[in-house]
Each structure stands twice: as C-alpha cells, then as structure tokens.
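Presented below is the structure to which this report refers.
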Amino acid sequence: MLALSLQDIRMFIVIADTQSVSEAARRLNVSQPTASYALEKLRRGFNDPLLIRSGGKMNLTETGKALASTATSSLEEFNRIARQASFDPLTSDRTFKIMGATSELTGPYAGLPGKFRKRAPGAAFSYVTYDRTNCHERLHEDVDLFVGSNLPDATSIERHVLREYPVGIYYDASVRSAPETIEDFVNAEFVTYNDQYSIVGHVDKALKEMNYPPRTFRFVVDDFSSYPDLVTSTDLLVTASLALRDSIFSRFAIAPIPEPLKVKPIPHYIGWSKRKSNMPCLRWMVDLFLECNKINQDIASPAPQ
C-alpha cells in the first residue's frame, strides 16, 4: 500500500503546477533531491511516470492529471477542516516554540509572557536562540514563530514587520566616550556578528555611500550572547538595534550614530511557515504578539544618551 504524507501531496501539486521539480523545490523551500524523491515515490506507487518531458516541457500523463486534480481537491478539503478545528487556550497544554536573537521578550514583545500565562494557563512556550543556518527549515518543522530582526525573506515564510528600530552605538562608558564624529566612529574598533543579514551591512553601506572606509572589526563572533563579555572593560564599540538596549546591552551606554551618517532603521519581524498558517493555535499566538506590539507602540522609545 502506498503511504503518502501531506508533504508528498503538496509537492506533487506544485510540481504539476510549475512543471518543474527545481521550481517546486524552491517554492516549498526544500532541496531538489527531496522534491525528486517525492516524485519518484509517487511514480513507483502509481506505476506511472506521471510527468514526461516532451518538446522541452514536462507534461502530465493521464494518470498524472487525475492525481493532480484529486490531490488538489483533497488538500483543499483538508485545509478547510483544519481551519475549522478548534483551539481553546484555556484548556490547551500545548508548548509553543519561539525563535529569536535574544531570550529577552522586550521591545514590541514586552508584556507577552504575562498575557500568555493569563490566557493560556495550561500552555507554555520555550524560547530558542536564532539559528541562522536552519531558520527556515526549523520554522517548517519544530519552531512555531520567529521574532526578531534577522529573518531572511522566503516565499514559504509569512513575514510581517512589527516595528522598526534605529541603530545605536553601545560602549562601556567606564573605559571610553562615545564617538562624536564620523572620523572617530570609523577609527574605532568593533565587535560584530557573523551573519550576512546583520546590520553590519546597513552601517557600512551608509559609510560607503559617503566615501568613508569600512570599519575595523576586532572580533567577529558566532554567538550573539558573547557581545557583553567582549565589550566590557574595553574600548570596543557595537552597532545594534535599540530594541536590544534593555536586554543584552542593558549595562552599556548608548550613543547615536554620528551625523551626518544616515543608517536605515532595523525592522523587527514576526514570521512563521506558510504551511502552518491554517493552524488555529498558531494564529492565536500571532494575534497575541500583534496585540502586544500595538500596545507597546504607544510607549515612546527614549533617545540614546
């Protein structure tokens, strides 16, 4: 008996729609070998090629057409039933898993733990550090939501901006003063995060546009939480979103980026896998985040000192 998963059905529907295994893999954010394996599994199960190449195109066989039609209607019906499934936060014992750059739910997320405990007393959530290498894959699998600034865009991920924060300079005021000019800023040494999506690009792009040289980085780290240990009692600087001023940088002084350098603000996102969009429990959690964000937008962010 052929055992099919929902992923197999989704994969075939997209392959049939795009007539391309590689394009289907891209849309569903899986590797091409994974998509090819799913198609081969179906071919063996139905003893039919399902798609054949002709004239430079992939065309559905008669069995392939029938399977695509049935699979599409079946998946639509499954999604309809899933949308109707109930989620009662008062009785749920579900554990939500949230991924972010810091374990502190501050900024647009402040107040969420208290609201969560009040509205879902039997449920829980765990907070895991940002996994930049496997972020998308984990959102499709074991992680429910991403909250933070470093969520890459992808067709398989639902992504919304919660708020944009300016970039500030963090430093140990017991060792050094804040850079007052762009020249002071460029001549300093920095700590940065080893991530292609980090705000290093924003800052250095602004410097390049004004014909200034790139900055010097004394440390490039893989662990975001190591920043405080590296900066404490040194003359090093860190450029980071002001959303972090009350978490890992809480004991450091903050200064604005020297004028006239203009650095774009950093968007903070909430994101989840589109494959899970119909899950009532996920929609409930998203709505809770959005509610907290709306409330916290009324709280003015203090300017850097």
Residues at least two apart in sequence or cross-chain that pass salt bridge (Lys or Arg N to Asp or Glu O under 4.0 Å) with D17, listed by chain then number, are R27
The side-chain contact (heavy atoms from CB on, under 4.5 Å) partners of P89 (sequence neighbours excluded) come to F87, A120, W284
Quick check: Y227 with F249 (ring centres under 6.0 Å apart)? yes
Margin query: With a 6.0 Å cut-off (strictly less than), is the heavy-atom count around CG of N47, excluding the residue itself, greater than 12?
Written below: no
Contacts satisfying salt bridge (Lys or Arg N to Asp or Glu O under 4.0 Å) that involve residues 277-290 (not counting sequence neighbours) are none
Considering only NZ, NE, NH1 and NH2 on the basic side and carboxylate oxygens on the acidic side, decide whether K41 and D8 come within less than 4.0 Å. yes
Quiz prompt | E141 with R138: basic N within carboxylate O range, under 4.0 Å | solution = no
Can you tell me if CD on Q7 sees more than 12 non-hydrogen neighbours from other groups inside 6.0 Å? yes
Sorted by chain and number, sequence neighbours left out, salt bridge (Lys or Arg N to Asp or Glu O under 4.0 Å) with D235 holds for R218
- [ ] Begin from the C-alpha positions of Y269 and F146 and carry the test ring pair (Phe, Tyr, Trp, His ring centres under 6.0 Å) through to its verdict.
- [x] CA-CA 7 Å; Y269 299 99; F146 173 94; 7.7 Å; no
- Minimum side-chain heavy-atom gap M11-L39 below 4.5 Å: no
Across all chains, not counting sequence neighbours, the side-chain contact (heavy atoms from CB on, under 4.5 Å) partners of S250 are none
Item to complete: Flag the pair K115 / K118 as yes when at least one side-chain heavy-atom distance between them is below 4.5 Å, and no otherwise.
Response: no
Decide if the gap between the ring center of Y165 and the ring center of H268 is smaller than 6.0 angstrom. yes
Sequence neighbours excluded, the answer for side-chain hydrogen bond (donor to acceptor under 3.5 Å, both in side chains) partners of N187 is none
Can we call the ring centroids of F190 and F185 under 6.0 Å apart?
yes
Using distance alone, with no hydrogens and no angle criterion, decide if T234 and R176 have a side-chain donor and acceptor under 3.5 Å apart. no
In short, salt bridge (Lys or Arg N to Asp or Glu O under 4.0 Å) pairs touching residues 261-282 with sequence neighbours left out are E259-K262
Across all chains, not counting sequence neighbours, the side-chain hydrogen bond (donor to acceptor under 3.5 Å, both in side chains) partners of S22 are S20
Across all chains, not counting sequence neighbours, the salt bridge (Lys or Arg N to Asp or Glu O under 4.0 Å) partners of D172 are none
Sorted by chain and residue number, the side-chain hydrogen bond (donor to acceptor under 3.5 Å, both in side chains) partners of S156 (sequence neighbours excluded) come out as H140
Within the 4.5 Å heavy-atom criterion, are L242 and I254 side-chain neighbours or not? yes
Residue set satisfying salt bridge (Lys or Arg N to Asp or Glu O under 4.0 Å) with R251, at least two apart, ordered chain then number -> none
By ring-ring contact (aromatic ring centres under 6.0 Å, His included), F12 pairs with (sequence neighbours left out) none
